[in-house]
Amino acid sequence: MTNRQVADLLRLIGDMLEIKGEVIYKSLAYRRAADNIEALGRDINELWREGGLRDIPGVGAALENKLDELLGTGRLGYYDKLQEEIPIGVVSLLSIPDVGPKTAKLLWEELGAVSVADVERAAREGKLRELPGLGVRSEQRILEGIASLYRRTTRIPLGAAWPVARELVQALRSRLGIQMVEPVGSLRRMKDTVGDIDLLVAYEEPEQATAAFTALPQVAEVVSHGPTRATVILHNGLQVDLRALHPERYGALLQYFTGSKDHNVALRALAQRKGLSLSEYGFKRGEEEVLCPREEDVYRILGLPWIPPELREDRGELRAAQQGALPELLQLADIRGDLHSHTNWSDAAATLLEMAQAAQGLGYEYLVISDHTQGLGIANGLDVARLRQQRAEIEGLNKRFSGFRLLRGAEVEIRGDGTLDYPDEVLQELDVVIASVHVGLRQDKETITARVVRAMRNPHVDILGHPSGRLLGYREATNVDLDSVLQVAAETGTILEVNAMPNRLDLDDVHIRRAIELGVALCINSDAHSTGGLEVMEYGVATARRGWAEARHIVNTLPVEQLRKLLTRKE
DNA sequence: GCCGTTTTCGGCCCGACTGTTTTCAGTCG
């Protein structure tokens, strides 16, 4: 079993115990252990063989025994017994926003609901409003929650799909001994969510490529399998389509399957004006075929420079390409530091030193430590006394580094009324102040916009964190009026964050582009809650590229001294 | 269920918000 699978099972048990009504700390203990196992950075099986399970924080005698059984036999009697008490379907009800353990139990015991569909049916029949503690509004809210749930299950976050695709690409490259294997479709365009995974292979014998694909160990089920294409379902439930063609047509096929559909339509129209027709097999001029082994060939024949996949949304990229005005897109290597990270001083796993070392390992010149503030009690937010203790430790660490420094920051709560969670004189002590909304997410548009704007007008606030508050596939953005926020950002010089966490990617591509138009400065941050969490930066960079961002638009491409200078400009 | 220079038992997860409440329960971060 992988660390992830073990962690998922422990979380599932945590959920079951909560529904059962066990003391909450038991569930929390399971979840804490799950988090630590996932953040382990090494194979739990190896640790188990070494007898080191107890070294994992949050694993005591009881969990050690259970993990021992689980890793040794692949089964867990305790879990099997729990399943007899709490059907797994009841746990699935927790995926509905606003349905927690109590409501899930109620729905199960009173209505026999063991699936989201059961709940939906009962809600439509008006049965939920009759249950104790629920009313018409709860019934309505649960229905809306289910609707948003259905919207989500159809798409996969980029951050979940990309590692899977990368693994498949590498497996195929090594099995076939070739390089020309690539993810295509919305995945290659780095859209924030993708519908499925599409792969492309150029191979002399396409049928051998599809055969190698369907034989991969990740494949659970072969849905269809022909000489040039195959569709499979992986063990993790994702669907993957593969197309294979002879290398002489690879460029045309790559271009075609990367899309977007709208981009391709525009491209074909351009081809027609030049007396050509363009398809997935290449160009035709009358009966004469023009093959495109490389993707650049497709664009070159149309008189265009190659257009990066992230721009291919028919949002003006063809015109820009014709005018020689394509942006020189930001690259991951341009990023010199990360302006948003958490440590075990608040709700994260790693120490200051571990985070600093991980950041240095990524080649960064600086890392901002921005733990939560006191108002976010659940995250163990820092009060002023602890903030100052942390400051002392950071200053001590900085004496040991060369060519790298930790900057002192905080992710400060924007309270319900737009005031901040630290007084100004404390904010003033910090190198970087990120202001974020975590509570009161349902405020109406006027209230929440005024609240955020008030925070941005504080001269000590450098960055507005995850501006829309969306959680991909789970929670819509808040009602905040992003247009107004962007205007105020331009006016006040507040930097807007592109939060790179795969379930956030917030700002999104569209608002990034708008921000750039308005002259709003941006930064891209991992919001890391573990050392490994720093590595999500690539998704933020990809999202910024989709928003036409160049390095000059992103403040954390600056060397540290220029950055520090920039950060004082509001004060 | 974990953990311990305050404790081997008793803390640990607090506060805002919402809806259903007329004093509170459930959810969320």
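Quick caveat: nothing in here was measured; it's all calculated off a predicted structure.
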Residues within residues 120-131 of chain A bordering DNA chain B, heavy-atom distance below 4.0 Å: none
Atom-to-atom span, CG of D347(A) to C1' of dG15(B) - whole angstrom: 15 Å
Residue pairs, two or more places apart or on separate chains, that pass ring-ring contact (aromatic ring centres under 6.0 Å, His included) and touch residues 413-456 of chain A: H372(A)-H438(A), H438(A)-H466(A)
d(NE2, H372(A); C1', dC14(B)) in whole Å: 14 Å
Residue-level proximity of residues 16-29 of chain A to DNA chain B when a heavy atom falls under 4.0 Å: I24(A), Y25(A), K26(A), L28(A), A29(A)
Residues within residues 65-79 of chain A bordering DNA chain B, heavy-atom distance below 4.0 Å: K66(A), Y78(A)
Qualifying residues under salt bridge (Lys or Arg N to Asp or Glu O under 4.0 Å), relative to R451(A), sequence neighbours excluded: none
Whole-angstrom distance between dC13(B) and dC3(B), as gauged at atom P: 14 Å
Partner residues of K127(A) under the salt bridge (Lys or Arg N to Asp or Glu O under 4.0 Å) criterion, sequence neighbours left out: E125(A)
Partners meeting salt bridge (Lys or Arg N to Asp or Glu O under 4.0 Å) with R454(A) (sequence neighbours left out): none
With sequence neighbours excluded, residues passing side chain to side chain donor-acceptor pair (under 3.5 Å) with E109(A): none
Base-contact (B) and sugar-phosphate-only (S) positions in nucleotides 20-29 of chain B, heavy-atom cut-off under 4.0 Å, - elsewhere: S-----SSSB
Nucleic acid contacts - residues 443-451 of chain A versus DNA chain B, non-hydrogen atoms under 4.0 Å: none
d(CG, L9(A); P, dG1(B)) in whole Å: 13 Å
In a table with atom names and distances, give each donor-acceptor pair under 3.5 Å that connects a side chain of residues 353-360 of chain A to protein atoms at least two apart or in another chain.
from, atom 1, to, atom 2, distance (Å)
E354(A), OE1, T351(A), N, 2.9
E354(A), OE1, T351(A), OG1, 3.4
Q360(A), NE2, A356(A), O, 3.3

dG4(B) and dC14(B), which share atom name C1', separated by this distance in whole Å: 23 Å
Whole-Å distance separating the CD1 atom of I414(A) from the C1' atom of dG15(B): 17 Å
Results of salt bridge (Lys or Arg N to Asp or Glu O under 4.0 Å) for R546(A) - residues two or more places apart only: E313(A), D509(A)
